[in-house]
Amino acid sequence: MRYSRLLLPTTKETPNDASLASHIYLIRAGLIQSVGGSGLYNFLPLGKKILDKVRAVVKEELDKAGCQEVSLSFVTPSALWDESGRLEKYGKELLRFKDRKDNDFILGPTHEEMMVNLVRQTVKSYKQLPLNLYQINLKFRDEIRPRFGLMRGREFLMKDGYSFHSSTEDMLREFALMEETYKKIFTRLGLEFRVVEADSGAIGGSGSKEFMVLADSGEDTIVVCNDCEYGANIEAATCQPKVYDTHTACKTVIKKALYDEGKSLCVGFVLPQDAELQETKACNSVDANDLIECDTQQSPSIVVIEETLGAAVDPNAFDAEEINYADIVAVQEGDTCAMCGGALRYTKGIEAGHIFQLGTRYSEPMGTHFLDENGKTQPMVMGTYGIGVSRLLAAIIEQNHDDKGCIWTKESAPFALQIIISNIKDDAQVALGEKLYEAMLSLGVDVLLDDRKDRFGAKMSDYELLGVPHAVVIGKNLSEGKVEFVTRKGMSSIEVDADGILDFLRDTL
RNA sequence: CGGAGUGUAGCGCAGUCUGGUAGCGCACCUGGUUUGGGACCAGGGGGUCGAAGGUUCGAGUCCUUUCACUCCGACCA
């Protein structure tokens, strides 16, 4: 590709609403363009190209693992969501609308219902199982607060996969296979990540693991052990139980728990004075959709006592209809690891992938059955597996950038090599640049030739901003028969004889 | 939804208090000089001033209503 023909609108100024490196550089490097704000973005040619490369890595590894790609309708009938009971649970994040006949539709935020619907119409026998189907398509979530560019857009590209099994054992086998496959994907993309235990959220199900790309700018707090492999989202993290007695000072946190059809209950959470309530755990402990602040100090109808308090608290002290025990306390830094006894600490991560053991959460209510060897009707056992593909672009930049711009990893780079002709009016420089460009193309190297009538400084700045892994700078040293080979990471450069540059590139790239 | 703020050229902003020719920087176009770190000179194009209503001889500016977006806190790949 010739730079002079490329639509790549780089800018010197940072957009005023961008605070994250990935957001700033995606826009400044001319990869994406904001569409009237509010979490909607256009992908410009090179942004699209990078997205396609990341997508290709995801697809290759999944196909190798035996998954099959499909493409589900983006617009989905609300009726399906009624069947699974998620229409209410998902709440306002669903973008709902009507067609001209007044039928209700939503834009899919994730496609469990659609995939289940597809499979229940086509799969009837245990002989057709197991099955792992996925798609890499647009999703829409009407986020309360979109921000950070591609990190939390409202429209985004997600890979969502669903597996169907005749037994829980087989689903667990596939779950493990997907964990391995995901590790391969993130490793190929050059990311530093950690697999952690997670809460299952609105999708439901039992076991779930998140793939966290480690970055200080990550939105999730994850708890990791200094001494072993243990890692968990703060929402699901556990530690060795602490010991309390009747002298332990306790506090009660009052919250309003929200349920389907507008129902709500006042709940009191009892925990040690110096502990912190973990809202997700608390929410799960009462099977609520959400917890909100309770305005009045009314007496709670349910009391949940932190389980490690045990006998340290007298349950008769509360005037409530129901008293339960559950893990509702947030793990603190310095707590003891339940696996090995080491010290736990916090770190930040970007949730780039999430795998769930769904069980029969969707197949049961939606009537997705098959006939087993004995001709008996059984609900299929399911797993579901997601990767935020467009978010991965942001995650790659968060982990790979400097104060000049992006530093793309090998598998994600928009080009393998950039050839920079310093002065377009110098015939010798142009001649070598063109020759090298043609040679690289014929070798099958994806190369960008900067043939613009710009000054050296402008070209170098654009090179650093875009972040192609390597460049050849053909400049004034050509009069002494030398060119420069530059590596974007660290901006180190070495002088190479102009005569030998072609061989050098053949050996190096 | 709570709190704070902003809407004026593609982007970033001034002008609004005190009503009177629509401005600046970047980007863009033309010509010329320049070519190792975003250069310079000269000329040029580009605007429903977020929207609606009102006050006024006259509204970007004052009044009312409304919409959108951004930032800080509770959802999620």
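Just the heavy atoms: all of them, side chains too, but no hydrogens, waters or symmetry mates, feed the values below. Lettering of chains follows the sequences in order, A, B, ..., and the numbering in each one begins at 1. Because the structure is a prediction, the values reported are computed rather than measured.
- Whole-Å rounding puts the A:E464 CD to B:G38 P distance at 12 Å.
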Considering only nitrogen or oxygen atoms on both sides, find all protein atoms under 3.5 Å from nucleotides 9-11 of chain B and state each distance.
none

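- At whole-Å resolution of the value, CZ in A:R28 and P in B:C26 are 16 Å apart.
- One interatomic measurement links the two molecules: CG of A:N233 to P of B:A77, which rounds to 10 Å at whole-angstrom precision.
- Qualifying ring pair (Phe, Tyr, Trp, His ring centres under 6.0 Å) partners for A:W81, counting only residues two or more places apart in sequence or in other chains: A:Y90.
- The aromatic rings of A:F186 and A:Y182 stand perpendicular to each other, their planes meeting at an angle above 60°, with 30° marking the opposite boundary.
- In summary, A:D220 and A:K348 do not engage in a salt bridge, as defined by a charged side-chain N under 4.0 Å from a carboxylate O.
- Between A:R152 and the phosphate of B:C76, there is no side-chain N or O to OP1/OP2 separation shorter than 4.0 Å.
- Under a 4.0 Å N-O distance rule, the pair A:R86/A:E112 qualifies as a salt bridge.
- Both A:P146 and A:M491 sit near RNA chain B, but only A:M491 has its closest nucleotide nearer the 5' end.
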Can you give me every donor-acceptor pair (side chain of residues 469-481 of chain A, partner residue at least two apart or in another chain, under 3.5 Å) with its distance?
residue: A:H470; atom: ND1; partner: A:T487; partner atom: OG1; Å: 3.4
residue: A:N477; atom: ND2; partner: A:E495; partner atom: OE2; Å: 3.0
residue: A:S479; atom: OG; partner: A:K476; partner atom: O; Å: 2.9

Donor-acceptor pairs under 3.5 Å, side chain of residues 211-219 of chain A to any protein atom, not counting sequence neighbours: which ones?
residue: A:S217; atom: OG; partner: A:E398; partner atom: OE1; Å: 2.7
residue: A:E219; atom: OE1; partner: A:R152; partner atom: NE; Å: 3.2
residue: A:E219; atom: OE2; partner: A:R152; partner atom: NE; Å: 3.2
residue: A:E219; atom: OE2; partner: A:R152; partner atom: NH2; Å: 3.2

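- A tilted orientation is assigned to the rings of A:Y385 and A:F175, their planes being inclined by 30° to 60°.
- A salt bridge is defined here as a Lys NZ or Arg NE, NH1 or NH2 lying under 4.0 Å from an Asp or Glu carboxylate O, and A:R488 with A:D402 meets this definition.
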Polar atom pairs (N or O), protein with nucleotides 32-35 of chain B, under 3.5 Å:
residue: B:U34; atom: O2; partner: A:R455; partner atom: NH1; Å: 2.8
residue: B:U34; atom: O4; partner: A:K453; partner atom: NZ; Å: 3.2
residue: B:U35; atom: O2'; partner: A:N423; partner atom: ND2; Å: 2.9
residue: B:U35; atom: O2; partner: A:D454; partner atom: O; Å: 3.3
residue: B:U35; atom: O4; partner: A:K425; partner atom: NZ; Å: 3.4

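- Atom pair A:E351:CD and B:C75:C1' shows a separation of 12 Å (rounding to whole Å applied).
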At a cut-off of 3.5 Å, list every protein nitrogen or oxygen paired with a nitrogen or oxygen from nucleotides 41-48 of chain B, distance to 0.1 Å.
none

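- With both ends at atom P, the span from B:G45 to B:C24 equals 12 Å, rounded to whole Å.
- Between the P atom of B:G73 and the CD atom of A:E219 lies a distance of 10 Å, rounded to the nearest Å.
- Per the geometry, CG belonging to A:D160 stands 17 Å off P belonging to B:C76, to the nearest Å.
- The separation between A:R147 atom CZ and B:C75 atom C1' is 10 Å, rounded to whole Å.
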